[in-house]
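Worksheet for the structure shown next.
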Amino acid sequence: MEEQHDSENARVGTTKQKKKAEYEFCKACNINHNQGLRHKYFPNHKKSLSTFLSRFRNKLSDVRFFLNAPIPLDSQLASRNRIWCVFCDQDIEEHSSSFACANAIRHLSSAEHVKNLKHFFWKYGAAADQLDAFMVSDDDVAKWEKRCVARKDEASEGCRGKVFGPSSDDIHNQVHSGNVDSLENVYSHSVKSYPSNAVLPLQCYTNESQISCSGLSGVANVATSSEASSAAIPFALQDFAGMLFMFIGNVSFYSLRLSSSCLPLLIPISSGHTESAGGNLHSGAPPPWVEATEVVQIYSKPVLGDPVSHSNKLGKSKKLNPKRVGAAWAEKRKIEMEKKKRGETVRNEYDANWLPNFGRVWQSGSRRESRKEFEREKQKLNVETQSEMPIKIQPYVSKRMVSFILWVLKIAGLVSFKTFSQNQLALS
Amino acid sequence: MSHVLPTLTKKIEVDTIIRDTLDEVLVLRFGRATETLCLQLDHILSKAAREVSKFATVALVDVDSEEIQVYIKYFDITLIPSTVFFFNAHHMKMDYGTADHTKWVGSFYTKQDFIDVVETIFRGAMKGKLIVKCPLPPERVPKYQILYKDV
């Protein structure tokens with residue numbers, strides 16, 4: 001009996017092993033695994049999936065740019081303008097298309113792509129609300145086609161010799177905007193990587209004189225942060241400086257002339273782009289990188305106790321007491337903040353009426369109760385003010401008094417007899 | 001002194017700093033930058049902010065701001081300067097031997113007093129305590145009286 005039982009066990013074991021042994025490849029994690037469908041619930045998979053998707057989303061942002069502003073594609077650049085669709089596992093070439101990313105846009109709206117996309121999302125357990133980011137709706141395609149037709153008409157209306165002109169301008173514009181984008185990227189990276197938490201007060205001390213000048217504190221901060229990051233990432237800063245030169249060379253009128261004499265490779269661009277940005281160097285507008293970093297600073301300012309930089313600063317992954325105050329909350333918030341950094345949507349955004357837990361002075365019981373009590377008080381106050389508002393308090397005036405006043409006015413000749421008698425009738 | 005430390009004037013700023021300061025003590029000073037006692041406290045805070053920067057974040061809140069009034073009411077702030085402590089978005093209380101355990105009212109005598117108070121709160125919070133005992137001797141805690149609500 002026992003032997004039989006053992007053999008049964010062994011059989012069960014082998015079937016289990018067989019089941020397990022079916023390896024499959026996970027595109028997001030880039031590994032072969034034998035965990036079956038439950039693999040998609042693993043935290044490592046979720047992390048790599050979100051980076052995988054965000055990488056592809058970045059690529060698609062270019063396509064979206066061309067979707068909004070169709071640009072004629074030069075045949076020389078056609079071979080370079082291609083995209084790999086990670087959901088369908090195919091390369092989308094643009095050899096035959098006359099507009100940039102035309103085939104890509106058509107592919108993204110195709111039923112096959114949508115089917116593959118949905119299958120991918122099911123297989124890898126991505127959030128369904130992100131589906132729209134990876135496909136193009138038919139309405140958008142229709143709009144894009146209309147724009148393409150308009151663009152073609154424009155091109156055909158213009159004289160033949162000039163056809164090359166605007167297209168090269170556009171490509172230059174595109175390259176230029178790419179530069180600006182990467183410039184901002186590099187800069188924001190350098191600002192982010194700089195551990196603001198620990199050194200911030202010191203930074204303020206050293207620049208006290210600068211900061212005390214009212215209104216200049218933002219600029220001063222930018223300067224110091226760039227200085228600090230220069231120590232950390234010299235290469236990034238060099239790139240940044242190079243791009244800065246490129247950028248200024250493109251934008252400013254004077255250096256344009258200079259650049260055309262020194263560097264004949266630079267092509268002048270149409271000034272329409274810079275005018276739309278609102279002012280330039282000569283009109284005294286703040287440079288775009290200052291604005292960009294200000295946004296970054298506002299964003300990164302509240303992240304004072306940034307968990308990532310915090311752990312980096314400590315140098316080792318120190319285990320914190322799991323029973324510390326608000327441990328669960330801190331873990332939750334850390335995950336949310338990381339998600340936000342990666343550009344994902346966080347489900348529970350906090351509204352304007354959010355209040356922290358607070359034990360009030362005269363409160364007994366839990367701290368959440370004190371918030372409820374406060375909200376109740378506020379509602380009561382609101383109700384009282386609302387009920388008081390419509391009632392107008394007026395001093396009592398007797399009817400005899402009114403008639404007396406009217407009579408006095410009549411004598412003075414201010415009120416005609418007609419109105420006086422009407423009032424009398426109304427009173428009686 | 002207010003330009004050395006971040007000064008918050010909007011409710012959303014206070015909200016975000018409370019929410020995003022994780023595993024560190026958040027020190028919020030409610031006061032007016034023009035008052036003498038407040039200036040004294042700000043001076044101490046700005047001097048000590050760097051020394052406690054490994055486990056605490058200090059921020060100033062302007063009580064005259066319109067948007068902050070909701071927090072003034074919520075935190076029952078009747079005397080300025082008042083200092084409130086948070087840890088992981090949880091309010092930290094301290095038994096000072098005065099009537100109000102929820103906040104520090106008034107200034108500190110020395111910078112070391114402030115550092116001691118913040119450190120005690122941090123150590124307590126890391127052990128999961130929502131209320132800790134004040135490490136300062138009673139003569140170094142400013143005395144005041146509070147009245148029960150509207151009475």
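Residue numbers start from 1 in every chain, and the chains themselves are labelled A, B, ... in the order their sequence lines are given, proteins ahead of strands.
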Name the one of D42(B), D62(B), T83(B) that satisfies side-chain hydrogen bond (donor to acceptor under 3.5 Å, both in side chains) with R29(B)?
D42(B)

What part of W329(A) is in contact with chain B, defined as an atom under 4.5 angstrom from a non-hydrogen atom: side chain, backbone, both or neither?
side chain

Please flag which part of F374(A) lies under 4.5 Å from any non-hydrogen atom of chain B: side chain, backbone, both or neither.
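Side chain only.
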
T98(B): what forms a side-chain hydrogen bond (donor to acceptor under 3.5 Å, both in side chains) with it, not counting sequence neighbours?
Y144(B)

Chain A heavy atoms under 4.5 Å from F86(B): which part of the residue, side chain, backbone, both or neither?
side chain

In terms of heavy-atom proximity below 4.5 Å to chain A, should V14(B) be classed as side chain, backbone, both, or neither?
neither

When only pairs under 4.5 Å are counted, which of R19(B), H101(B), K93(B), M126(B) shares the most heavy-atom pairs with chain A?
R19(B)

So which of L26(B), I18(B), V84(B) has the biggest tally of heavy-atom pairs under 4.5 Å with chain A?
I18(B)

Test applied, ring pair (Phe, Tyr, Trp, His ring centres under 6.0 Å); reference residue, F114(B); option that passes from F108(B), F85(B), Y109(B):
F108(B)

Donor-acceptor side-chain pairing of N357(A) and H91(B) below 3.5 angstrom
no

Parallel under 30°, tilted from 30 to 60°, perpendicular over 60°: which one fits the rings of F55(B) and F122(B)?
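Answer is tilted, since the angle falls between 30° and 60°.
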
Judged by atom type as modelled, is there a donor-acceptor pair below 3.5 Å linking the side chain of S82(B) to the main-chain atoms of L79(B)?
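It does hold such a pair.
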
With E51(B) via salt bridge (Lys or Arg N to Asp or Glu O under 4.0 Å) - residues at least two apart:
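Partners of E51(B) under the salt bridge (Lys or Arg N to Asp or Glu O under 4.0 Å) test: K111(B).
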
Residues which pass salt bridge (Lys or Arg N to Asp or Glu O under 4.0 Å) with E375(A), listed by chain and number, not counting sequence neighbours
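Expected list: none.
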
Taking NZ, NE, NH1 and NH2 as the nitrogens, is one of them in K334(A) or E338(A) under 4.0 Å from a carboxylate oxygen of the other?
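Not counted as a salt bridge, because no side-chain N and carboxylate O are separated by less than 4.0 Å.
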
Of all of A330(A), P322(A), S370(A), which one pairs up most often with chain B through heavy atoms under 4.5 Å apart?
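Option with the top pair count is A330(A).
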
Can you list the residues of residues 128-138 of chain B that sit under 4.5 Å from chain A, counting heavy atoms only?
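So far as heavy atoms go, G128(B), K129(B), L130(B) are the residues that approach chain A to under 4.5 Å.
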
